[in-house]
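Have a look at the structure below before the remarks.
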Amino acid sequence: RRAPNMGWLTFTFGLERKFKQLCKRLEVVRTHQQQESLKFMAHFHRRFIIRDGKRNTKPEGGEQPVELFELRSNGSALCTRLIQVKADATQLNSAFCYILNVPLEGSNDTSSAIVYAWIGSNSDPDSARLIEQIAEEKFNSPWVSLQVLTEGSEPDNFFWVALGGRKPYDSDATYLNHTRLFRCSNEKGYFTVSEKCT
């Protein structure tokens, strides 16, 4: 999302030549987040996870932060992704499913944690099944307590505390049922966005 161009330039002018020497049929395609092709997404079997932040950075205060991931799909089931969002109760929506990772102690990979798979009351059954599978495969370990929650059955002690307290959030996503088309333009010398009515 916020990656600088330097990584791409380093790969293009350094590593790409080395890879092409090792593999004669190498195809290099640059793609941006949430614009990935179906061919690329097919490799992840609907388990593509996008984390926020940079690699190899130490957490502030030495403690692992609370992480909230939203299950998103745009267009087809193949384009399903788990995207890290701000860990705040206002990010929740009853029409979607989420994974909340609440670390309990330590800052290494084997630290104790509680992982909640939160299923919104208006979410579709396929998303509910998928969020449980992803939580089991990607977040579960012997040091983790995995709990599947339906909306309304959240425990106050860790779930809501980790999200900064109980706050109002959206209970429907009817806006997804309406298609809207916008036109972006710079032809007048300044950037404009206008809705194209059908």
Closest non-hydrogen atom pair, [X] against [Y]:
| X | Y | result |
| --- | --- | --- |
| Ile119 | Ala128 | CG2-CB, 3.7 Å |
| Ala87 | Leu68 | CA-CB, 3.9 Å |
| Val102 | Ala162 | CG2-CB, 3.6 Å |
| Ala135 | Ala117 | CB-CB, 4.2 Å |

> Are the aromatic ring centres of Phe139 and Phe69 under 6.0 angstrom apart?
Replying inline: yes
>> Please tell me whether Trp160 and Phe96 are part of a single hydrophobic cluster in this structure, the criterion being side-chain heavy atoms less than 4.5 Å apart.
In response: yes
> What about Ile49 and Leu146, same hydrophobic cluster or not, with Ile/Leu/Val/Met/Phe/Trp/Tyr joined at side-chain heavy-atom distances under 4.5 Å?
Replying inline: yes
> Quick one: salt bridge (Lys or Arg N to Asp or Glu O under 4.0 Å) pairs with a partner in residues 86-95, sequence neighbours left out?
Replying inline: Asp88-Lys167
>> Using side-chain contact (heavy atoms from CB on, under 4.5 Å), reason through Val193 and Phe191 one step at a time and then give a plain yes or no.
In response: CA-CA 7 Å; Val193 178; Phe191 187 75; 3.5 Å; yes
[Y] and [X] side chains, donor-acceptor separation under 3.5 Å:
| X | Y | result |
| --- | --- | --- |
| Arg47 | Gln133 | yes |
| Gln84 | Asp52 | no |
| Trp118 | Glu154 | yes |

Measure the spacing between [atom1] of [X] and [atom2] of [Y] and express it to the nearest 0.5 Å.
| X | Y | atom1 | atom2 | value |
| --- | --- | --- | --- | --- |
| Glu70 | Cys97 | CD | SG | 9.5 Å |
| Leu100 | Leu149 | CG | CG | 9.0 Å |
| Tyr169 | Asn93 | OH | CG | 9.0 Å |
| Leu163 | Phe158 | CG | CZ | 13.5 Å |
| Thr80 | Arg72 | OG1 | CZ | 12.5 Å |
| Ser145 | Asn140 | OG | CG | 8.5 Å |

Determine whether [X] and [Y] make a side-chain contact, defined as any pair of heavy atoms from C-beta on separated by less than 4.5 Å.
| X | Y | answer |
| --- | --- | --- |
| Leu181 | Glu195 | no |
| Leu71 | Ile83 | no |
| Tyr116 | Ile114 | yes |

>> Less than 4.0 angstrom from a charged side-chain N to a carboxylate O is my criterion; do Arg129 and Asp124 meet it?
In response: no
>> Could you walk me through whether Ile99 and Ile131 satisfy the side-chain contact (heavy atoms from CB on, under 4.5 Å) test, starting with their C-alpha distance in whole Å, then the side-chain angles of each, then the deciding distance to 0.1 Å, before giving a yes or no?
In response: CA-CA 7 Å; Ile99 291 178; Ile131 202 79; 3.6 Å; yes
>> Any side-chain to backbone donor/acceptor pair from Tyr98 onto Gln91? Under 3.5 Å, distance only.
In response: yes
>> If we ignore hydrogens and angles and just use 3.5 Å, is the side chain of Asp170 paired with the main-chain N or O of Ser94 as donor and acceptor?
In response: no
